[in-house]
Amino acid sequence: MILIAIGNTHTLLAESTDGKHFATLHLPTPPATAPDPGQLPAPWPEKLRQGPVFLGGVVPHAAQAWAQALGHQGIPVREPDPAVFQRHVPHAYTPAASLGFDRRCCLLAAALDYPHQDSIVIDAGTAITIDLYAQGRFQGGRILPGLRMSLLALAQGTALLPDLSPDGEAPLLGNDTAASIRSGVHHMLVSALQGAITQYRQRAPQAQIILTGGDAPRFLPALPPTQHIPQLLLRGFYLWVKG
């Protein structure tokens, strides 16, 4: 099975036969056009030609570009059925279609892999989502800016603060501007995650914590005992497609 998951920053091509092990290719999410499938690194052009390709994501114009590029190559494209998600993960999100693809995938993986376990599902990517799956339902969640987005907001919203990469230490106390920014942003987000976990566990005291996303390793040491599952989104996407 070939999956294409389009995120705000990166697009992930993945192949799996069992939904547990994935061969992957990371690409930047394009602003307007998708790469020519025939020009991708080997063996991906051949893998895509075997079709069908399942496509999903959170950037509509990029998804449309990928669908067109694949269609021009005669490669069939399919999208996951929202009814499958609703059947496995009941929810009251309004409107239902606005619940993001990435959140759906991660929640579905938690629901199907741990059907009798409440879960706090954290996806630390471009945005950070903190969702609660409890009592067999998606109860709701939070969305906040991720690490890179928070750093960028400080640079764009001020005259003198620099635009920093997320790389580098985040000390408890900064003694220069860069260290102070990294400290402030990192510990702000850590506090937000810790606070959400504490509050969610007031509703679901036995909820486990599942962490995924590109910035997950940065936050993992500051959280209570947590399962770090890097491929959670792909796992959920695979399960969604399988129905």
Side-chain angles (χ1 to χ4, degrees), residues 5 7-8 58 82-151 153-154 166 170-173 181-237 239-240:
N8 286 295
V58 296
V84 172
F85 175 82
Q86 179 70 42
R87 182 169 70 249
H88 290 297
V89 186
H91 62 90
Y93 210 80
T94 305
S98 67
L99 182 58
F101 165 82
D102 47 357
R103 297 174 77 187
R104 290 174 187 248
C105 288
C106 293
L107 284 163
L108 188 61
L112 294 184
D113 285 344
Y114 306 97
H116 306 296
Q117 173 71 58
D118 295 345
S119 298
I120 299 168
V121 183
I122 301 171
D123 186 357
T126 304
I128 297 175
T129 56
I130 316 168
D131 290 327
L132 178 61
Y133 176 81
Q135 301 175 354
R137 297 181 59 85
F138 169 46
Q139 302 290 337
R142 298 176 182 177
I143 303 173
L144 55 151
L147 184 58
R148 175 70 187 121
M149 191 180 298
S150 297
L151 292 168
L154 281 175
L172 179 64
L173 298 170
I181 292 172
R182 289 196 170 99
S183 175
V185 169
H186 174 81
H187 292 290
M188 172 187 70
L189 295 176
V190 165
S191 295
L193 294 173
Q194 293 172 338
I197 290 167
T198 298
Q199 292 167 347
Y200 286 15
R201 280 182 166 168
Q202 293 175 0
R203 296 187 60 173
Q206 302 304 316
Q208 66 176 342
I209 306 168
I210 302 175
L211 178 65
T212 193
D215 285 330
R218 301 179 188 273
F219 301 119
L220 186 61
L223 300 182
T226 296
Q227 285 201 70
H228 178 207
I229 307 179
Q231 305 284 33
L232 186 70
L233 187 150
L234 291 177
R235 172 67 176 158
F237 194 0
L239 293 171
W240 192 354

Separation between [atom1] of [X] and [atom2] of [Y], rounded to the nearest 0.5 Å:
{"X": "Y200", "Y": "R142", "atom1": "OH", "atom2": "CZ", "answer": "4.5 Å"}
{"X": "Q206", "Y": "Q117", "atom1": "CD", "atom2": "CD", "answer": "8.0 Å"}
{"X": "Q135", "Y": "D118", "atom1": "CD", "atom2": "CG", "answer": "6.5 Å"}
{"X": "N8", "Y": "R148", "atom1": "CG", "atom2": "CZ", "answer": "14.0 Å"}
{"X": "I122", "Y": "T212", "atom1": "CD1", "atom2": "OG1", "answer": "10.5 Å"}
{"X": "T126", "Y": "L147", "atom1": "OG1", "atom2": "CG", "answer": "10.5 Å"}

Contact summary for [X] and [Y], nearest pair of heavy atoms:
{"X": "A109", "Y": "R235", "answer": "CB-CG, 4.0 Å"}
{"X": "I120", "Y": "A207", "answer": "CG1-CB, 3.9 Å"}
{"X": "R218", "Y": "P166", "answer": "NH1-O, 3.0 Å"}
{"X": "Q139", "Y": "A134", "answer": "NE2-O, 2.7 Å"}
{"X": "Q86", "Y": "H91", "answer": "OE1-NE2, 2.8 Å"}
{"X": "A204", "Y": "L132", "answer": "CB-CD1, 4.1 Å"}

Stepwise side chain to side chain contact (heavy atoms under 4.5 Å, CB included) test for I229 and L211: CA-CA 6 Å; I229 307 179; L211 178 65; over 6 Å; no

Trace of the side chain to side chain contact (heavy atoms under 4.5 Å, CB included) decision for I210 with L232: CA-CA 9 Å; I210 302 175; L232 186 70; 3.7 Å; yes

Audit row: F138, D131, side chain to side chain contact (heavy atoms under 4.5 Å, CB included) steps and yes/no: CA-CA 8 Å; F138 169 46; D131 290 327; 3.7 Å; yes

Counting distance only, does the side-chain N/O of [X] pair as donor-acceptor with the main-chain N or O of [Y] below 3.5 Å?
{"X": "H187", "Y": "P171", "value": "yes"}
{"X": "T226", "Y": "L223", "value": "no"}
{"X": "T94", "Y": "A92", "value": "yes"}

Parallel, tilted or perpendicular: rings of W240 and F85 (30°, 60°):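 Taking W240 first and then F85, their aromatic rings sit tilted (interplane angle of 30° to 60°).
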
Atom CZ of R203: over 12 foreign heavy atoms under 6.0 Å: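 At most 12 heavy atoms, drawn from other residues, nucleotides or ligands, come within 6.0 Å of this atom.
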
Given side chains that start at C-beta, do those of [X] and [Y] come closer than 4.5 Å, heavy atoms only?
{"X": "P225", "Y": "I209", "result": "no"}
{"X": "L193", "Y": "I130", "result": "yes"}
{"X": "P224", "Y": "R201", "result": "yes"}

Distance-only side-chain donor-acceptor flag, Y114 / Q227, under 3.5 Å: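 Distance-only check passes for Y114 and Q227.
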
Lys/Arg N to Asp/Glu carboxylate O, D123 vs R103, below 4.0 Å: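 Judged by the 4.0 Å cut-off on N to carboxylate O distance, D123 and R103 do not form a salt bridge.
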
